[in-house]
Engineer: 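Before we start, here is the structure in question, set down as structure tokens.
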Number of protein chains: 2
Amino acid sequence: MNLAKQQILEAAARLFEKQGYHATGLNEIIRESGAPKGSLYYYFPEGKEQIGAETALWSAGQMAGRIRTGLAQSDDPAEAVRLLGLGTAEAIENAKFSAGGPLMMLAAESAVSSERLNAACREAYGLMQAAFSEKFSGNEPLARFVLAVLEGAILLSRVNHSADAVRQAAQYLETCVKLEMNKEK
Amino acid sequence: MNLAKQQILEAAARLFEKQGYHATGLNEIIRESGAPKGSLYYYFPEGKEQIGAETALWSAGQMAGRIRTGLAQSDDPAEAVRLLGLGTAEAIENAKFSAGGPLMMLAAESAVSSERLNAACREAYGLMQAAFSEKFSGNEPLARFVLAVLEGAILLSRVNHSADAVRQAAQYLETCVKLEMNKEK
DNA sequence: GTCTATACGGTGATAGAC
DNA sequence: GTCTATCACCGTATAGAC
């Protein structure tokens, strides 16, 4: 992918994550990106919605990678989830609670209003769910549950400016996953 | 509370829930509310932020009520949570996935940008957490966990236009709560 | 309490030069 | 590929009449 396009995408991701889709202006994205001002509509001819959609998918790819790395810390799926959660909590603190990636914002804001963005977000969450599902021997419902729990906990962490919700969720999740994975055998 | 003010608040709640805080204009709120156009800055002299903050708190009061009613369906906390979750899932379908109340949107969008809105959202979530905590003999961490799970599941339901995530979460949650409540005895 | 008019900045987007 | 000028529109907020 072209450098300027990539810069725009990453700047958009940061801004969407912090303040949301509608609160972020195109000018702001260009300013923050350092990319040439004329290149925005060159690389994203369909405008802001396209930027949102591509940001969602790109960011979900990143997140899926981090999830896989985090889950690789232990062979035991339940413990792996706990460790991933603890790592996420630390990341949230380092990011000063501008956390969870742009996907949460894009997903919430587009769910009812924008067909296209919504479709992209659905696919994006699918990528993340897949990263969990691999670790859970293909148990998709469990993967989706874990994903939902982490998203919810991250939301509360943003609001409370404290990663406690995520740390606690990690703890509870370990139990849930252990239980569910044993049931299968 | 004055009728016009109440109308504005409820219209704002609906719009914030559907499309978010920044995507909703003051004009739109007035149009939707049916309240006199001149009354907006009369009842909300501090403007949009005040509307957001009061909407968050009012809506959280409503939600806390619904949570209490839902949880009253069973004496067993674990089963009560499952029933509340199933009821929520149905409500989401009826609302055509414009779900979860305005609080989720307000919280996500204001977490980093607006000090005042963020404070209101924090308090609002506190009200909801309290409604759970009562049922869990004061177990605040568990209450917060359940709250986080439901918020996360609602987010995924919005994205996927399917209440499945909430139904499944309700199922998993019953197990979690049962486990945690037994541990205490 | 409510209304209208208005200020002023910002929005996403397009056209055409280079 | 990039820039600048410009578009029409919408945002929030205020002033002052009634």
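The sequence lines fix the lettering, A, B, ..., with proteins before strands; numbering per chain opens at 1. Every heavy atom of this structure was used, including side-chain atoms; hydrogens, water molecules and symmetry mates were not.
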Engineer: Looking at C:dG1, C:dC3, D:dG1, which one has an atom nearest to any side-chain atom of B:Tyr43?
Structural biologist: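 For B:Tyr43, the side-chain atoms sit closest to C:dG1.
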Engineer: Do B:Glu180 and B:Lys183 meet the salt-bridge criterion of a basic N to acidic O distance under 4.0 Å?
Structural biologist: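 Salt bridge between B:Lys183 and B:Glu180, a charged N being under 4.0 Å from a carboxylate O: yes.
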Engineer: Below 4.0 angstrom, which residues in residues 103-114 of chain A have at least one non-hydrogen atom near DNA chain D?
Structural biologist: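 When residues 103-114 of chain A is checked for heavy atoms under 4.0 Å from DNA chain D, there are no hits whatsoever.
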Engineer: Which residues pass the ring pair (Phe, Tyr, Trp, His ring centres under 6.0 Å) test with B:Tyr125, sequence neighbours left out?
Structural biologist: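 None.
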Engineer: Do B:Glu28 and B:Gln19 make a side-chain contact, defined as non-hydrogen atoms from C-beta onward lying under 4.5 Å apart?
Structural biologist: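 Heavy-atom side-chain distance check passes, below 4.5 Å.
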Engineer: With the side chain counted from C-beta on, respond yes when B:Tyr21 and B:Leu15 share a heavy-atom pair under 4.5 Å apart, and no when they do not.
Structural biologist: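 The answer is no, as the side chains (C-beta and beyond) never meet within the 4.5 Å cut-off.
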Engineer: Base, backbone or nothing for each nucleotide of nucleotides 11-18 of chain D, written B, S, -, heavy atoms under 4.0 angstrom, 5' to 3'?
Structural biologist: SBBB----
Engineer: What is the separation between atom CG on A:Leu40 and atom C1' on D:dG1, rounded to the nearest whole Å?
Structural biologist: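 Taking atom C1' of D:dG1 as the reference, CG of A:Leu40 is at 13 Å.
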Engineer: Taking 4.0 angstrom as the limit, do B:Glu93 and B:Arg167 come out as a salt bridge?
Structural biologist: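 Looking at B:Arg167 together with B:Glu93, the answer is yes, because their closest N to O distance falls below 4.0 Å.
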Engineer: For the residue pair A:Lys5 and A:Tyr42, would you count it as a cation-pi contact if the rule is NZ or CZ under 6.0 angstrom from the ring centre and within 45 degrees of the ring axis?
Structural biologist: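 No, A:Lys5 does not lie over the aromatic ring of A:Tyr42.
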Engineer: Quick one: which of C:dT2, D:dG1, D:dT2 gets closest to the side chain of A:Asn2?
Structural biologist: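 The nucleotide sitting nearest to the side chain is D:dG1.
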Engineer: In whole Å, I'd like the distance from the OH atom of A:Tyr42 to the P atom of D:dT4.
Structural biologist: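 Answer to the nearest Å: 18 Å.
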Engineer: Heavy-atom distance under 4.5 Å between the side chains of A:Arg122 and B:His161, does that happen here?
Structural biologist: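 Side chain of A:Arg122 against side chain of B:His161, heavy atoms only: contact under 4.5 Å found.
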Engineer: Separation of A:Lys37 atom NZ from C:dA15 atom C1', in whole Å?
Structural biologist: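 It is 19 Å, rounded to the nearest whole Å.
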Engineer: If you look at every heavy atom in A:Val166 and A:Ile92, which pair is closest and at what distance?
Structural biologist: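 Taking A:Val166 first and A:Ile92 second, the nearest heavy atoms are CG2-CD1, 3.6 Å.
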